[in-house]
Amino acid sequence: MDPEIRVITIDQLGILRAVEEDPASGRVTVTITPTYTGCPAMDVIRADIRRALTAAGHPDAEVRTVYSPPWSTDWISEGGRAKLAAAGIAPPAPVRTTGVVSLTLAVRCPQCGSPETEQVSRFGSTACKALWRCRSCSEPFDHLKAL
């Protein structure tokens with residue numbers, strides 16, 4: 001599970017890039033990419049991966065962190081987006097642009113579905129989320145920022 005967003009796995013979030021086993025040695029290498037370079041959860045994610053690999057019989061596994069290509073919210077799986085919404089976190093819209101930076105003007109409320117929302121703070125419960133409020137149902141909610 002992602003340590004900051006406990007309803008989604010690192011695979012569903014797109015942080016987990018690859019799991020490879022060397023056929024000759026049996027050594028496992030796990031490759032991950034942080035959501036952003038200063039993500040404070042990466043140490044916990046690496047420790048969780050090492051713990052799981054040790055429990056699975058791979059105590060000498062390597063956990064590699066790569067930054068290229070950079071993580072994108074487009075890497076969040078459809079199942080992950082559904083889990084975010086079900087947990088009351090508005091998932092980001094797909095970015096899929098070529099050099100154009102998109103601007104989020106409205107976010108649908110994950111509680112009632114209304115587009116009548118407003119950003120309260122650029123930062124929510126974590127740095128990768130913003131705090132929004134629905135004008136229709138008056139509920140506050142986190143929105144995962146699109147990158």
Could you pull out every donor-acceptor pair under 3.5 Å between side chains of residues 108-116 and any protein atom, sequence neighbours left out?
from : atom 1 : to   : atom 2 : distance (Å)
R108 : NH1    : G113 : O      : 2.7
S114 : OG     : E116 : N      : 3.0
S114 : OG     : S136 : OG     : 2.8

Query raised in the report: Does a side-chain heavy-atom distance below 4.5 Å link E21 with H58?
Result: yes

Query raised in the report: Distance from I76 atom CD1 to L84 atom CG, nearest 0.5 Å?
Result: 6.0 Å

Report task. With rounding to the nearest 0.5 Å, note down the distance linking CG in D2 to OG1 in T126. Result -> 8.5 Å

Query raised in the report: Below 4.5 Å, heavy atoms only, C-beta onward: do T9 and L13 meet side chain to side chain?
Result: no

Query raised in the report: Is the backbone of S121 close enough, under 3.5 Å, to the side chain of W132 for a donor and an acceptor to pair up by distance?
Result: no

Report summary line: Separation between CH2 (W71) and CZ (R17), nearest 0.5 Å, reads 12.0 Å

Query - Partner set under side chain to side chain donor-acceptor pair (under 3.5 Å) for R122, not counting sequence neighbours - result: none

Report summary line: Residues passing the side chain to side chain donor-acceptor pair (under 3.5 Å) test with T35, sequence neighbours excluded, are none

Report summary line: In short, A90 meets V107 closest at the heavy-atom pair CB-CG1, 3.4 Å

Report task. Check S138 against R133 and note the closest heavy-atom contact, atom names and distance. Result -> O-CG, 4.2 Å

Report summary line: In terms of heavy-atom contacts, F141 and C134 come closest through CE2-N, 3.9 Å

**Report entry** side chain to side chain donor-acceptor pair (under 3.5 Å) against K129, all qualifying residues, sequence neighbours excluded
**Finding:** S125

Query raised in the report: Does a side-chain N-to-carboxylate-O contact under 4.0 Å join R135 and E118?
Result: yes

Requested in this report: Please assess R46 against T65 for the test side chain to side chain donor-acceptor pair (under 3.5 Å), listing each intermediate value before the final yes or no.
Outcome: CA-CA 9 Å; R46 279 191 282 281; T65 302; 2.9 Å; yes

**Report entry** Closest contact, heavy atoms only, T54 versus P59
**Finding:** OG1-CA, 3.8 Å

Requested in this report: Take atom CZ of R27 as the centre, draw a 6.0 Å sphere, and report whether it contains more than 12 heavy atoms from other residues, nucleotides or ligands.
Outcome: yes

**Report entry** Smallest separation among heavy atoms of R50 and V63, with atom names
**Finding:** CG-CG2, 3.8 Å

Query raised in the report: Within a strict 4.5 Å, meaning less than it, do heavy atoms of the T33 and I15 side chains meet?
Result: no

Requested in this report: Mind checking side-chain contact (heavy atoms from CB on, under 4.5 Å) for S77 and listing every partner two or more places apart, or none if nothing turns up?
Outcome: Q12

Query raised in the report: Which heavy atom of I10 sits nearest a heavy atom of I49, and at what distance?
Result: CD1-CD1, 3.7 Å

Query raised in the report: Going by heavy atoms in the side chains, are I5 and L144 under 4.5 Å from each other?
Result: yes

Query raised in the report: What's the spacing between T31 OG1 and E20 CD if we round to 0.5 Å?
Result: 5.5 Å

Query raised in the report: Distance from F123 atom CZ to C128 atom SG, nearest 0.5 Å?
Result: 10.5 Å

Query raised in the report: Is V120 isolated, or which residues cluster with it under the ILVMFWY side-chain rule of less than 4.5 Å, directly or via members?
Result: L131

Requested in this report: Report yes or no: does K145 contribute a side-chain atom to a donor-acceptor pair with the main-chain N or O of A127 at less than 3.5 Å?
Outcome: yes

Report summary line: One should read off an interatomic distance between E62 CD and T29 OG1, to the nearest 0.5 angstrom, of 4.5 Å

